[in-house]
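Only one structure is covered here, and it is reproduced in the block below.
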Amino acid sequence: MPELPEVEVTRLSFADRIQGALVLGVRLGKPLRWPLSCKDSRLIGQRVLGVRRRGKYLLIDLSEGLLLIHLGMSGALRFEADLGEPKLHDHFDLVTSHGTLRLHDPRRFGAVVFSESEQGQMAQKLLSNLGVEPLEGSFEIDVFHKALRSKKASIKQILLSGQLVVGVGNIYASEALFLSGIRPTTRGAALSKPRVAKLHASIVQVLTRALEVGGSSLRDFSNAKGESGYFQLETFVYDREKEPCRVCLTPIKMMRQGQRSTFYCPQCQKR
DNA sequence: CCATATACCTGGCAGC
DNA sequence: TGCTGCCAGGTATATG
């Protein structure tokens with residue numbers, strides 16, 4: 001589910017409500033991708049200072065450290081005063097004076113990790129190799145173009161890797177490449193500056209639009225208030241194999257790149 | 001260093 | 001109806 005828009009929508013749906021809360025307890029369900037890496041009791045009594053996002057990670061700042069939360073493929077957070085008893089696939093609760101933050105994650109590719117600081121070992125391992133934030137000024141056409149010049153991988157895989165720019169996953173990579181008229185198999189180094197500029201604009205456009213409509217809820221994504229997103233209703237190519245292109249009516253094609261599905265219009269994205 | 005494959009885990013769905 | 005195989009929003013790690 002969760003690419004940048006879904007993670008950011010999640011953040012916006014509970015950051016204000018949890019800010020200032022006192023941590024009262026922790027409940028762990030089945031193991032997630034990594035262990036919490038501290039004793040549960042370590043978190044108790046800490047104050048929630050705020051919630052930030054870096055790429056697809058949520059950073060819950062605490063008075064003496066931070067929690068890194070990743071939603072993996074199937075994770076969703078809820079934050080409410082009373083969530084009742086945990087159900088199947090509810091694998092983490094952070095009980096606070098303002099309510100309980102609960103991670104529901106059937107596939108358990110998600111993670112909740114404590115780190116003493118952002119410079120801590122685990123935090124560094126997870127965050128230090130991330131590219132720039134696409135919706136901030138640090139995402140610059142010129143830098144993006146220069147970095148692409150040395151990449152011989154396909155542009156789709158470069159986007160998915162998060163090396164240059166973070167937050168673009170399988171849905172939004174396909175969508176951004178459609179909007180910029182670029183074939184997903186095109187090598188990064190083969191893209192001219194004007195085409196990179198178009199791609200840059202398309203990434204910003206598609207992520208911004210997805211944010212506006214609450215992200216994509218393909219199966220079960222919802223924000224921390226339990227509300228769904230609607231971007232899946234307006235995709236041009238993602239999950240539309242054999243359906244007519246919304247621009248030229250040519251049937252959308254699906255292909256495999258690095259074990260992931262890629263969708264594109266063979267007419268609108270010729271090279 | 002690079003590109004590609006694998007592993008993690010569960011549920012839903014198409015096809016038989 | 002029930003079984004099998006494949007697919008799914010991600011990414012660290014292993015392999016060549």
Side-chain angles (χ1 to χ4, degrees), chain A residues 1-11 29-35 37 53-58 68-77 87-92 103-113 115 121-131 147-177 184-189 206-207 210-211 213-223 228-235 237-242 254-263:
Chain A
M1 142 203 25
E3 303 181 34
L4 184 149
E6 291 74 34
V7 177
E8 180 65 6
V9 160
T10 297
R11 188 186 74 81
K30 284 189 180 183
L32 294 164
R33 181 158 193 180
W34 296 294
S37 83
R53 180 189 54 74
R54 177 73 178 98
K56 298 170 190 168
Y57 289 91
L58 285 175
L68 295 115
I69 301 183
H70 198 289
L71 302 179
M73 288 278 261
S74 59
L77 288 172
K87 302 201 178 80
L88 187 66
H89 305 314
D90 290 338
H91 298 305
F92 176 83
L103 176 64
H104 177 84
D105 186 4
R107 294 177 72 181
R108 291 191 282 127
F109 291 169
V112 181
V113 175
S115 183
Q121 192 155 25
M122 198 60 183
Q124 279 295 296
K125 189 175 83 175
L126 299 177
L127 303 177
S128 64
N129 290 322
L130 298 182
L148 283 172
R149 286 199 304 212
S150 63
K151 300 282 179 189
K152 80 176 204 194
S154 71
I155 185 60
K156 164 82 178 333
Q157 298 200 261
I158 294 168
L159 292 178
L160 281 191
S161 79
Q163 285 183 333
L164 302 185
V165 59
V166 293
V168 181
N170 214 31
I171 298 175
Y172 302 111
S174 279
E175 293 299 308
L177 289 168
T185 46
T186 303
R187 313 277 120 184
V206 73
L207 295 179
L211 263 174
V213 296
S216 300
S217 293
L218 290 195
R219 277 158 261 285
D220 48 15
F221 169 74
S222 61
N223 68 26
S228 295
Y230 297 94
F231 188 81
Q232 71 281 1
L233 301 178
E234 46 186 88
T235 58
V237 290
Y238 184 83
D239 205 19
R240 297 196 65 240
E241 186 186 15
K242 295 177 181 166
M254 196 263 267
M255 67 185 295
R256 286 254 151 204
Q257 286 182 288
Q259 340 294 118
R260 312 293 305 276
S261 297
T262 297
F263 300 87

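The basis for the numbers below is simple: all heavy atoms, side chains too, and nothing from hydrogens, waters or symmetry mates.
Residues forming a side chain to side chain donor-acceptor pair (under 3.5 Å) with A:Ser154 (at least two apart in sequence, or on another chain): A:Gln257. Under the rule for a side chain to side chain donor-acceptor pair (under 3.5 Å), the partners of A:Arg54 that lie at least two apart in sequence or sit in another chain are A:Glu133. Under the side chain to side chain donor-acceptor pair (under 3.5 Å) criterion, A:Glu234 pairs with A:Arg209, sequence neighbours left out.
Taking the six-membered ring for Trp and thresholds of 30 and 60 degrees, A:Tyr172 and A:Phe231 have ring planes inclined between 30 and 60 degrees apart.
Side-chain proximity of A:Asn170 to C:dG10, C:dC7, B:dC9: nearest is C:dG10. Nearest to the side chain of A:Arg108, among B:dC9, C:dT11, C:dA8, sits B:dC9. In this structure, the nucleotide among C:dC7, C:dT11, C:dT13 sitting nearest to the side chain of A:Lys125 is C:dT13.
Using a 4.0 Å heavy-atom distance criterion, A:Tyr57 is classed as a sugar-phosphate-only contact. As judged by a 4.0 angstrom heavy-atom cut-off over every strand, A:Ser217 is placed among the base-contacting residues.
Protein atom CZ of A:Phe109 is 15 Å distant from nucleotide atom P of C:dT13, rounded to whole Å. Spacing between atom CG of A:Asp105 and atom C1' of B:dC8 amounts to 11 Å, rounded to whole angstrom units. Distance CG (A:Leu71) to C1' (C:dT11): 14 Å, rounded to an integer number of Å. Look at CZ on A:Phe263: it is 7 Å from P on C:dA8, rounded to the nearest Å. In this entry the distance linking CG of A:Leu103 with P of B:dC9 reads 16 Å, nearest Å. The interatomic distance linking A:Met73 (CE) with C:dA12 (P) rounds to 14 Å, in whole Å. Residue A:Leu32 contributes atom CG, which lies 16 Å from atom C1' of C:dA12 at whole-angstrom precision. The distance between atom CG of A:Leu160 and atom P of C:dG10, rounded to the nearest whole Å, is 7 Å.
Nearest-nucleotide positions on DNA chain C place A:Arg107 closer to the 5' end than the other of A:Leu130 and A:Arg107.
The distance from the CD atom of A:Glu3 to the NZ atom of A:Lys56 is 5.5 Å, given to the nearest 0.5 Å. To the nearest 0.5 angstrom, A:Asn223 atom CG is 11.0 Å from A:Glu6 atom CD.
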Show each protein N/O and nucleotides 11-16 of chain B N/O combination with a separation under 3.5 Å, one pair to a line.
residue, atom, partner, partner atom, Å
B:dG11, OP1, A:His89, NE2, 2.7

Show the distances under 3.5 angstrom between N or O atoms of the protein and N or O atoms of nucleotides 2-7 of chain B.
residue, atom, partner, partner atom, Å
B:dA3, OP1, A:Ala153, N, 3.4
B:dA5, OP2, A:Gln259, OE1, 2.8

Starting at the 5' end of DNA chain C, what dot-bracket string do you get if Watson-Crick and G-U pairs under 3.5 Å are bracketed, crossing pairs use [ ], other-strand pairs use | and unpaired bases use dots? .|||||||.|||||||
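Atom name P, nucleotides B:dC9 and C:dA14: the rounded distance is 16 Å, in whole Å.
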